[in-house]
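As C-alpha cells, the structure follows; a few thoughts come after it.
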Amino acid sequence: PKATPAPALSDEEILAMVERGEIPVVHLKEQTFADTFNEENIQQFMLGEITWAQLNGLSMEEAYSLADQAFSMFEEGKRSEALSVIEALVLANPKDGYFHALLGSFYQRMEMPEDALEEYTEALKLSPDNIEAHVNRGELLLQSGRFDEAMTHLQKAVDLDPQAENPSAMRARALARASASVFEQILKDKGTP
C-alpha cells in the first residue's frame with residue numbers, strides 16, 4: 001500500500017519550529033523583495049526563463065544549502081520537516097534534477113515507491129547523467145519485478161562511472177550482479193536453458 005505523506009505544516013507550526021531551533025534558518029544575502037520581483041523578472045518567470053526561486057531572489061547556492069540542511073534534518077529523524085523543505089525546493093526550482101532526485105530518495109526511504117519513481121523519472125529527464133537517480137530508480141524497479149527496466153538503469157549508472165569511483169555506481173554493479181544471479185537461478189529452476 002502507498003504510504004501517505006505527512007500533513008503539511010501550518011505557518012504557525014513552522015514559525016514555532018524555527019523559534020525552537022528545530023528548523024535551521026538560512027541567512028540569505030541582503031536583498032529586498034523589490035530587487036527581484038520586478039516587471040522584467042516577472043515576465044521572465046511567466047515565459048519560463050527563470051524559476052520561482054530566482055524570481056524571489058533565492059540563489060542556487062542558497063537553495064543547495066537549504067537542501068543540505070534538509071538532508072541533515074531527515075537524517076536526524078525530522079522527516080516531515082525535511083520533506084516539506086525539499087518539496088518546496090522542487091516547486092521553487094522545478095528544472096533542477098538534483099532536487100527531484102533528492103525528493104525521490106526521501107520518498108524511497110519513506111516507503112513511497114510510486115512517488116519516488118516519479119521524482120527519479122523527472123530527475124533523469126532534467127539530468128540524464130545523475131548516477132544516484134539511475135541506481136535508486138533501478139533498485140525500485142527491481143523491487144517491483146521490472147527486471148529489464150531496472151537493468152537498463154543500473155547499466156547506465158555503471159557506464160557513467162567507468163573508473164568505478166562513485167559509491168552509487170559500485171552499488172549498481174553489485175545490484176546488477178546479484179539480480180542477474182537470481183534471474184539465472186530462476187531460469188535454471190524452471191528448466192529454461
Quick one: are Lys156 and Asp129 in side-chain contact, heavy atoms under 4.5 Å? yes
Check whether any side-chain heavy atom of Met73 lies under 4.5 Å from a side-chain heavy atom of Arg79, and answer yes or no. no
Where is the tightest heavy-atom contact between Ala172 and Ala157, given as atom of each residue plus distance? CB-CB, 3.9 Å
Atom CG in Leu175, atom CE in Met170: separation rounded to 0.5 Å? 13.0 Å
Can you spot which of Glu132, Gln108, His134 makes a side-chain hydrogen bond (donor to acceptor under 3.5 Å, both in side chains) with Tyr120? Gln108
Drop me the distance from Glu87's CD to Asp115's CG, to the nearest 0.5 angstrom. 9.0 Å
Does the side chain of Asp68 reach to within under 4.5 Å of the side chain of Phe71, using non-hydrogen atoms? no
Is any side-chain heavy atom of Phe147 closer than 4.5 Å to a side-chain heavy atom of Leu142? yes
Could you measure the distance from the CG atom of Asp159 to the CD1 atom of Ile131? Nearest 0.5 Å is fine. 10.0 Å
Non-hydrogen atoms of Leu141 and Ala150 that approach each other most closely: CB-CB, 3.7 Å
Between Asp96 and Met60, does the side-chain contact (heavy atoms from CB on, under 4.5 Å) criterion hold? Intermediate values first, please. CA-CA 10 Å; Asp96 191 305; Met60 288 311 292; 3.0 Å; yes
Does CD in Glu118 sit with more than 12 non-hydrogen atoms of other residues, nucleotides or ligands closer than 6.0 Å? no
What closest approach, in Å, do Phe99 and Ala67 show between heavy atoms, and which atom pair accounts for it? CE2-CB, 3.8 Å
What closest approach, in Å, do Leu140 and Ala116 show between heavy atoms, and which atom pair accounts for it? CD1-CB, 3.6 Å
State, to 0.1 Å, how close Val135 and Ser168 come at their nearest heavy-atom pair, and which atoms those are. CG2-O, 3.2 Å
Do Asp148 and Thr152 come close enough that some side-chain heavy atom pair is under 4.5 Å? no
Short N-O contact, Lys78 and Glu81, less than 4.0 angstrom: no
Any side-chain heavy-atom pair of Glu165 and Asp161 under 4.5 Å: yes
Could you give me the CA-CA distance, side-chain angles and deciding distance for Arg109 and Glu75, then say whether salt bridge (Lys or Arg N to Asp or Glu O under 4.0 Å) is met? CA-CA 11 Å; Arg109 291 176 64 189; Glu75 292 294 309; 2.5 Å; yes
Flag side-chain contact, heavy atom, 4.5 Å: Leu117 against Arg146: yes
Mind checking the OG-CZ spacing from Ser80 to Phe106? Nearest 0.5 Å is all I need. 11.5 Å
Under 4.5 Å between side-chain heavy atoms, hopping through other hydrophobics if needed: is there a path connecting Leu89 to Leu126? no
Indicate yes or no: at least one non-hydrogen side-chain atom of Thr121 is less than 4.5 angstrom from one of His100. no
Yes or no on side chain to side chain donor-acceptor pair (under 3.5 Å) for Arg171 and Asn136, after CA distance, side-chain angles and deciding distance? CA-CA 10 Å; Arg171 193 169 116 242; Asn136 292 340; 2.9 Å; yes
Minimum-distance pair of heavy atoms, taken over all atoms of Ile86 and Ala70: CD1-CB, 3.7 Å
Could you tell me whether the side chains of Asn93 and Tyr64 share a donor-acceptor contact shorter than 3.5 Å? no
